[in-house]
Amino acid sequence: MNFNRVSSGRGVARYAPALLVLVTVLMVGVVRAQDDDGEGIPIQPAQPTAIPSPTVLPTVTQPPVQETTVVVTTEEAVETEEAPAVATQVILPTIDPLAPTVETTPEPLRATVDVSSAFVRAAPAPDAPPVASAFRDDVLDVIGRNLDGTYFEVARPYRPDESIGWVSIEVIDYELLPELLPLTDIETGVVGDSPLASPVDFGVFINEGVALRALPDIQRGDRLLNIPPSVTVPVLGRYRDGEWLLVNYLGTEGWIIGFVIRDRDGIETLPEITGILPGDTATLRTEIIPPEIQRAQLERLREYATERATLARDVEAFWWLVQQGEVLPCNPPASVQAYRYGPRDVQELPEIDRYIPRMLQGVDMLNESIDVLDNCGVLDPFDVQRARNDAINAKVILENTLVQLDNLEEIIDFNS
């Protein structure tokens, strides 16, 4: 890399009780009584004690309990003249089907505030007015989610039925699954022209960024937009056994390929949608792609990711030196061009549709880091820190893409 002089404007500030156990020792022994001469006093034999008549206790009436007799025998019980085989009877109580059922209350779904302080907002949006505040280690009951699962509707534990507003998942720590929460806001954040008319019960969590397509087919389904990773989307239906899912992402309805979601039960219960593909796609489904073509697609993607990962490492190292007070040349590299691919590429290597959207997020971050160099001279420390963070995130995403490609190559080699 070749850079003009860049320096930081100022230095960057870097930001169980002991258990006490009381042991009581009981000393037990035999003491022989002695007289004044030291000789033992003979112990008189105990006189027989009359056994009192048994006390008659009041009868307590218990509800009738049905019993089941289970006979338990062992192979070792061999009947002989001296010791005949004995069967042991175990009496097990059975449940009366007419007895009332005791209902258990489910555990509340809770999250803990993971920052020093956070706003609880009136709606699931960063610009919604704050209605309350929460502080580090505050516990909140989670009662719902928004359209993409990036905000949770919460309540105070002592008033679990009274919503106090919405918090971003970025400021809380939680162990629940967002896709299992009820959808309690279907309006905020809608940008498409197909908003939901009513809440949808079934949702799925997106593991990897994926293309939202107009049809459940890679070649014939036009790309509508890219859905980022780590969001939750409502599901309206399935194609065949769930290899494609019809979802609604912020008001845009379309199809995603099924292998990008986190596994969950109930896919088969979704309504099956048929008759939506024009013509017969049997030829497309039965085409066998030779392993060498898949390897060629994989290698082309690997070369692209490797070069950009190297660039991200260089840019991150550059900004680290600037943070330390170094004065460096300011000659930014050219912006990184997006990876070019089409429907045929995805058909030859379907995983492209899974890896590339996430990888291109890393490319965007890398370009944002490079763009800061457009303003040469003394830079604000905040801008330097942000540029370095973008380079670090880009490096992590691109290096993770390379690991995924290595794993995919092993699968191709194993199956070929």
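From a predicted model like this one, the values you see are computed outputs, not experimental measurements.
Between E179 and R264 no salt bridge is recorded (no basic side-chain N to carboxylate O distance below 4.0 Å).
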Discussion item. Set out, in order, the CA-CA distance, both residues' side-chain angles and the distance that settles side chain to side chain contact (heavy atoms under 4.5 Å, CB included) for Y304 and V363, then state yes or no.
Written reply: CA-CA 11 Å; Y304 176 93; V363 170; 3.6 Å; yes

Practice prompt. Run the numbers on I261 and I267 for side chain to side chain contact (heavy atoms under 4.5 Å, CB included), then give the verdict.
Written response: CA-CA 11 Å; I261 69 168; I267 296 292; 4.2 Å; yes

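No hydrogens or angles considered: nothing links the side chains of Q385 and R388 as a donor-acceptor pair under 3.5 Å.
Pairs engaging residues 391-413 under the side-chain hydrogen bond (donor to acceptor under 3.5 Å, both in side chains) rule: E208-Q404, R295-D413, R302-D406, R302-E409, R313-E399 [sequence neighbours left out].
Two residues are said to be in side-chain contact when any heavy atoms from C-beta on lie closer than 4.5 Å; T232 and V204 fail this criterion. Contact of the L379 side chain with the W319 side chain is registered, since non-hydrogen atoms from C-beta on lie closer than 4.5 Å. Contact annotation: the side chain of V260 never approaches that of N207 to less than 4.5 Å [non-hydrogen atoms, C-beta and beyond]. Residues L181 and L109 are in side-chain contact: their nearest non-hydrogen atoms beyond the backbone lie under 4.5 Å apart.
S133 meets the side chain to side chain contact (heavy atoms under 4.5 Å, CB included) test with F119, F135; sequence neighbours excluded. Take E351 and apply the salt bridge (charged side-chain N to carboxylate O under 4.0 Å, His left out) test, not counting sequence neighbours, and it matches no residue.
Side chain of R238 to main chain of L270: a donor-acceptor pair is present (N/O by atom type, distance under 3.5 Å, no hydrogens or angles).
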